[in-house]
Engineer: 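Got a structure for you, questions after.
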Amino acid sequence: MSVMVTAKRVARWCPTRALRRALYILLWGSLCYVLVRFSGQEESGLSRGGTMTGRLLLQKIVETRSPPISTTETTSNTTTEFNPFELEPSVDKSPSLSEQALAEQIQAEIPNLPVRYWQKYKGKVLSKNKTCAKFPSLYDISFNNVYWQTLKTSNGTFHLFGSYYDNRTLVTMKPVIRTLGMIDRLDPKVKTYCQLWFDGHKEPVFSKVWEYKYIWYKKWGNYKNGLLQPYLIACQVPPGYRHLVPESVSLVERPCDMATTNLRVINNRPQGGQKENFAVCVKGLDFLHDDLSVRLVEWLEMLFILGANKVFLYELEVHPNISKILKHYEELGRVEVMKLTLPGEQPNIPGLLHMYLKSKVTNKRQNELIPYNDCLYKNMYRYKYIALLDTDEVIMPKSSMTWKSLMETVVPKALKTKKDTRASYNVRNVYFMDTMRHTHGWFREIPHYMHMLQHVYRSHNYTKPGQYVKCFHDPERVLTLHNHFPLSCLGGSCSSYAIDTEDAHLQHYRADCVTTLKKSCSQEYKNHTILDTTIWKYREPLVARVTETLLHLGFFSPGTALRSTDPPASAVRRK
């Protein structure tokens with residue numbers, strides 16, 4: 001205010017407007033300089049050059065890293081030394097993978113790709129001629145959801161998952177290349193061909209597709225065009241090449257077409273031709289938010305005790321703890337995990353995938369047929385029997401201790417009724433429900449975390465014969481598989497032998513009955529229970545194995561690993 005008064009007084013003495021204007025500017029400039037000069041003394045050194053700025057910023061970082069001063073007398077007032085000039089961020093400095101190493105990594109993660117074959121002939125021209133049937137580069141393949149390859153024809157779209165070399169004894173037109181996939185057509189009429197690629201041959205060998213084998217019954221639903229349907233597609237290896245196994249196969253509509261698919265032909269023959277006894281196949285795991293890791297350990301160890309040589313699992317989406325379990329058993333060589341997605345426009349977004357499969361039950365069932373049959377064809381030369389099980393099911397011998405000794409009892413019984421081996425041997429389903437545990441209490445001599453050992457009350461009644469059964473399948477005879485039984489077999493109709501419940505049954509651990517049995521669940525199953533401690537035959541080795549694995553993987557909190565797990569005394573009573 002005083003500056004303005006002074007300026008007005010001076011203005012009265014100035015004879016011209018120009019001079020008065022100059023004086024105003026001079027006085028205002030002086031005032032601004034004084035204000036900036038004094039306020040700058042309080043500022044940080046941001047305007048004093050880059051070096052001062054950096055030092056002050058580092059000083060602030062050091063101050064923020066120092067622990068806060070405590071108001072209590074017991075807290076030390078020391079500060080933590082922190083010198084950014086002596087620190088080195090931890091980053092991955094591994095050398096970049098060579099193209100060969102990267103190709104091997106891709107081959108391991110996506111088994112249906114002919115990566116090694118492509119690498120071997122990269123840069124070389126493989127084709128019938130300049131305009132016909134050129135070998136497709138991996139860059140030319142039409143991928144769909146990572147693990148699927150797409151062929152668009154004039155009448156339908158094919159999503160292909162895997163190809164397999166089938167030279168089993170009962171195959172009439174052997175050897176055959178079978179390709180597993182889904183087609184958005186019922187009873188496809190479009191003519192297609194296989195371009196078979198052999199190692200050491202520059203030209204493909206053509207073979208007409210002679211069969212689209214439908215892996216479904218129309219009475220089960222979704223029987224209409226436009227929906228993806230599961231199929232097994234067959235091409236015969238032509239004469240003159242039947243002593244060779246193709247490296248890969250491309251499916252095309254016309255023989256000379258430039259292929260958009262190229263699948264590695266899987267031929268998993270063991271050295272010496274010796275088969276192991278039992279493999280277990282598990283459909284796509286869908287447990288993104290459900291931590292069933294501890295139950296999974298118990299289930300796997302139970303299968304190994306019974307005689308499963310290896311368990312093959314397909315993974316859609318799983319909880320991190322389940323991933324930890326699977327990785328552990330993979331490192332031991334006891335399980336093999338294959339990633340899986342849904343083909344076409346079906347959702348693969350985590351969470352949404354689960355909601356979709358829960359809502360679209362028929363679509364879910366059709367999608368499940370892909371991993372089941374992929375597992376069959378990958379292992380048909382390696383195992384005597386293949387069982388399809390869910391992670392809440394166990395084929396439990398009652399008159400034997402192992403699956404091997406069980407089948408040594410069952411097969412002779414089956415041959416007495418019919419002098420021919422069966423395509424499968426099925427066991428009846430019986431429920432061990434969660435609520436039956438709550439009714440009868442805990443068993444104090446068994447750890448709480450042993451779900452199956454704790455749940456030994458079951459329904460008195462079995463589900464009806466042939467209903468919800470599970471089987472030991474003979475891979476020499478089965479052509480296509482469903483969850484519960486073979487859909488088609490080699491050498492005629494499928495024959496299945498029903499194993500007597502005195503010899504074995506399927507112990508099914510559920511919270512409730514399946515949806516189709518909800519109306520009769522309480523009356524037929526929940527209200528009539530009996531004690532069945534068959535599984536206790538394996539109690540000692542099972543508890544020891546499960547506990548050792550959980551300890552090794554850090555599933556027990558510090559200080560609780562050796563704590564007694566005895567629950568309150570159980571109210572065990574027989575009915």
Side-chain angles (χ1 to χ4, degrees), residues 105-113 115 138-152 156-163 179-185 215-216 220-222 224-233 251 260-264 266 281-293 296 312-327 330 335-375 377-378 388 390-391 483:
Q105 185 182 82
I106 296 171
Q107 182 69 91
E109 293 178 358
I110 308 182
N112 67 359
L113 273 182
V115 179
L138 296 188
Y139 311 137
D140 298 323
I141 293 174
S142 178
F143 289 101
N144 177 258
N145 292 324
V146 183
Y147 306 102
W148 301 79
Q149 299 180 21
T150 301
L151 167 65
K152 294 182 179 179
T157 298
F158 294 50
H159 294 296
L160 308 179
F161 186 78
S163 290
T179 299
L180 184 64
M182 300 190 83
I183 309 173
D184 62 354
R185 291 291 186 274
I215 318 176
W216 191 248
W220 291 341
N222 272 6
K224 62 181 180 179
N225 283 313
L227 297 178
L228 290 176
Q229 311 285 341
Y231 282 94
L232 191 64
I233 305 164
L251 195 67
T260 60
T261 65
N262 194 230
L263 293 161
R264 181 172 74 93
I266 296 173
C281 299
V282 185
K283 64 190 179 188
L285 299 177
D286 175 28
F287 302 118
L288 180 62
H289 300 296
D290 295 329
D291 185 1
L292 302 179
S293 52
L296 182 62
F312 297 85
L313 304 103
Y314 292 78
E315 179 185 321
L316 286 168
E317 49 182 6
V318 298
H319 189 279
N321 280 345
I322 295 178
S323 293
K324 182 195 292 189
I325 296 298
L326 296 178
K327 182 179 180 181
E330 274 194 299
V335 310
E336 186 174 306
V337 182
M338 289 137 288
K339 300 288 186 179
L340 183 67
T341 57
L342 305 182
E345 298 177 353
Q346 299 177 101
N348 286 287
I349 300 170
L352 181 59
L353 183 149
H354 170 76
M355 295 167 63
Y356 172 79
L357 294 177
K358 188 176 181 180
S359 176
K360 301 281 189 178
V361 177
T362 306
N363 300 65
K364 168 185 164 71
R365 302 294 183 218
Q366 288 181 309
N367 279 292
E368 288 172 354
L369 295 174
I370 299 300
Y372 284 144
N373 286 277
D374 178 68
C375 191
Y377 279 93
K378 283 180 176 175
L388 310 186
D390 294 335
T391 57
N483 186 11

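Residue numbers run from 1 in the order of the sequence given.
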Engineer: Once salt bridge (charged side-chain N to carboxylate O under 4.0 Å, His left out) is applied, do any residues pair with Lys360, and if so which ones, sequence neighbours excluded?
Structural biologist: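 Lys360 satisfies salt bridge (charged side-chain N to carboxylate O under 4.0 Å, His left out) with no residue once adjacent residues are dropped.
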Engineer: Does any non-hydrogen side-chain atom of Leu138 lie less than 4.5 Å from one of Ile106?
Structural biologist: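 Counting from C-beta outward, Ile106 and Leu138 never come under 4.5 Å.
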Engineer: Is any side-chain heavy atom of Leu388 closer than 4.5 Å to one of Lys283?
Structural biologist: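 No; the side chains remain at least 4.5 Å from each other.
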Engineer: With a 4.5 Å heavy-atom cut-off, do Arg365 and Trp216 have their side chains touching?
Structural biologist: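 Arg365 vs Trp216: side chains touch.
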Engineer: What's the shortest heavy-atom distance between Pro347 and Leu342, and which atoms?
Structural biologist: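 That closest heavy-atom pairing would be O-CD1, 3.7 Å.
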Engineer: Would you compute the distance between atom SG of Cys281 and atom CE of Met338 and round it to the nearest 0.5 angstrom?
Structural biologist: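 With rounding to 0.5 Å, SG (Cys281) is 7.5 Å from CE (Met338).
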Engineer: Can you tell me how far CE of Met182 sits from OG1 of Thr150, rounded to the nearest 0.5 angstrom?
Structural biologist: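 Reported value, rounded in 0.5 Å steps: 12.5 Å.
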Engineer: Which heavy atom of Ile370 sits nearest a heavy atom of Gly181, and at what distance?
Structural biologist: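 Smallest heavy-atom distance, with atoms named: CD1-O, 3.9 Å.
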Engineer: My understanding is that only residues two or more places apart in sequence, or in another chain, count here; which of them pass ring-ring contact (aromatic ring centres under 6.0 Å, His included) with Tyr372?
Structural biologist: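 Tyr372 satisfies ring-ring contact (aromatic ring centres under 6.0 Å, His included) with no other residue.
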Engineer: Which pair of non-hydrogen atoms, one from Gly284 and one from Pro371, has the smallest distance, and what is that distance?
Structural biologist: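 For Gly284 versus Pro371, the nearest heavy atoms are N-CG, 4.3 Å.
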Engineer: What pair of heavy atoms forms the shortest contact from Thr261 to Leu251, and how long is it?
Structural biologist: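 Distance-wise, the nearest heavy atoms are OG1-N, 3.0 Å.
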Engineer: For residues Leu228 and Asp184, determine if any side-chain heavy atom of one lies less than 4.5 Å from a side-chain heavy atom of the other.
Structural biologist: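 Heavy-atom side-chain distance check passes, below 4.5 Å.
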Engineer: Return yes if some donor-acceptor pair links the side-chain N/O of Asn144 with the main-chain N/O of Pro343 below 3.5 Å, else return no.
Structural biologist: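 Checking the backbone N and O of Pro343 against the side chain of Asn144, no donor-acceptor pair under 3.5 Å is found.
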Engineer: Report yes if the side chains of Leu326 and Leu296 come closer than 4.5 Å at any heavy-atom pair, otherwise no.
Structural biologist: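 Yes. Closest side-chain heavy atoms under 4.5 Å.
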Engineer: Side chains of residues 352-359: which donor-acceptor pairs under 3.5 Å do they make with residues two or more places apart or in other chains?
Structural biologist:
from, atom 1, to, atom 2, distance (Å)
His354, ND1, Asp286, OD2, 2.8
Tyr356, OH, Gln346, OE1, 2.9
Tyr356, OH, Asn363, ND2, 3.4

Engineer: Run the side chain to side chain donor-acceptor pair (under 3.5 Å) test against Asn112 and tell me which residues pass, sequence neighbours left out.
Structural biologist: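 Partners of Asn112 by the side chain to side chain donor-acceptor pair (under 3.5 Å) criterion come out as none, since no residue qualifies.
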Engineer: According to ring-ring contact (aromatic ring centres under 6.0 Å, His included), who are the partners of Phe161, at least two apart in sequence or on a separate chain?
Structural biologist: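 With sequence neighbours excluded, Phe161 shows a ring-ring contact (aromatic ring centres under 6.0 Å, His included) to Trp148, given in chain and number order.
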Engineer: Please round to the nearest 0.5 Å and tell me the distance separating atom CG of Leu160 and atom CG of Asn262.
Structural biologist: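 Answer rounded to 0.5 Å: 11.0 Å.
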Engineer: Using the test salt bridge (charged side-chain N to carboxylate O under 4.0 Å, His left out), find all partners of Lys327 that sit at least two apart in sequence or belong to another chain.
Structural biologist: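 Partners of Lys327 by the salt bridge (charged side-chain N to carboxylate O under 4.0 Å, His left out) criterion come out as none, since no residue qualifies.
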Engineer: Without swapping roles, check the side chain of Arg264 against the backbone of Pro111 for a donor-acceptor pair under 3.5 Å.
Structural biologist: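 Present.
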Engineer: side-chain contact (heavy atoms from CB on, under 4.5 Å) with Leu180: which of Ile233, Leu263, Ile215?
Structural biologist: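 Going through the options one by one, the only one that passes is Ile215.
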Engineer: Would you please name every residue forming a side chain to side chain donor-acceptor pair (under 3.5 Å) with Gln149, sequence neighbours left out?
Structural biologist: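 Result, side chain to side chain donor-acceptor pair (under 3.5 Å) vs Gln149: none returned.
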Engineer: Can you see which heavy atom on Thr260 is nearest to which on Leu151, and at what distance?
Structural biologist: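 Nearest heavy atoms, Thr260 then Leu151: OG1-CA, 4.0 Å.
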Engineer: Measure the OH-NE2 distance between Tyr231 and His159 for me, rounded to the nearest 0.5 Å.
Structural biologist: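 Going from the OH atom of Tyr231 to the NE2 atom of His159 covers 14.0 Å.
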Engineer: Could you tell me which residues satisfy side chain to side chain donor-acceptor pair (under 3.5 Å) with Asp140, sequence neighbours excluded, listed by chain and number?
Structural biologist: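 Listed in chain order: nothing, the list is empty.
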Engineer: Any side-chain to backbone donor/acceptor pair from Glu330 onto Val337? Under 3.5 Å, distance only.
Structural biologist: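 Yes; judged by distance alone, with no hydrogens or angles, the pair exists.
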Engineer: Under the side chain to side chain contact (heavy atoms under 4.5 Å, CB included) rule, collect the residues that match up with Asn321, sequence neighbours excluded.
Structural biologist: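 With neighbours one apart ignored, the set is Asp291, Ser293, His319, Lys324, Phe555.
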Engineer: Heavy atoms, side chains only, cut-off 4.5 Å: are Asp374 and Tyr314 in contact?
Structural biologist: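 Side chain of Asp374 against side chain of Tyr314, heavy atoms only: contact under 4.5 Å found.
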Engineer: Can you name the side chain to side chain donor-acceptor pair (under 3.5 Å) partners of Tyr377, sequence neighbours left out?
Structural biologist: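 Partners of Tyr377 under the side chain to side chain donor-acceptor pair (under 3.5 Å) test: Arg168.
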Engineer: Can you name the residues that form a salt bridge (charged side-chain N to carboxylate O under 4.0 Å, His left out) with Arg185, not counting sequence neighbours?
Structural biologist: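 If we apply the salt bridge (charged side-chain N to carboxylate O under 4.0 Å, His left out) test to Arg185, skipping adjacent residues, there are no hits.
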Engineer: Ignoring hydrogens and angles, tell me if any N or O in the side chain of Ser323 forms a donor-acceptor pair with the backbone of Val318 under 3.5 Å.
Structural biologist: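 Here the side-chain-to-backbone pair does not exist.
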Engineer: Roughly how far, to the nearest 0.5 Å, is the CG atom of Asp390 from the CG atom of Leu285?
Structural biologist: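 Answer for the CG-CG pair, Leu285 versus Asp390, is 9.5 Å.
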Engineer: Any non-hydrogen side-chain atom of Thr391 less than 4.5 Å from a side-chain atom of Phe287?
Structural biologist: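 Yes, close enough: below the 4.5 Å cut-off.
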Engineer: Report yes or no: does Asn373 contribute a side-chain atom to a donor-acceptor pair with the main-chain N or O of Leu369 at less than 3.5 Å?
Structural biologist: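 Looks like yes, one N/O pair under 3.5 Å.
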Engineer: Quick one: salt bridge (charged side-chain N to carboxylate O under 4.0 Å, His left out) partners of Glu317, sequence neighbours excluded?
Structural biologist: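 Salt bridge (charged side-chain N to carboxylate O under 4.0 Å, His left out) check on Glu317 returns nothing, list empty.
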Engineer: Is the backbone of Asn222 close enough, under 3.5 Å, to the side chain of Gln229 for a donor and an acceptor to pair up by distance?
Structural biologist: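 Such a contact is found between Gln229 side chain and Asn222 backbone.
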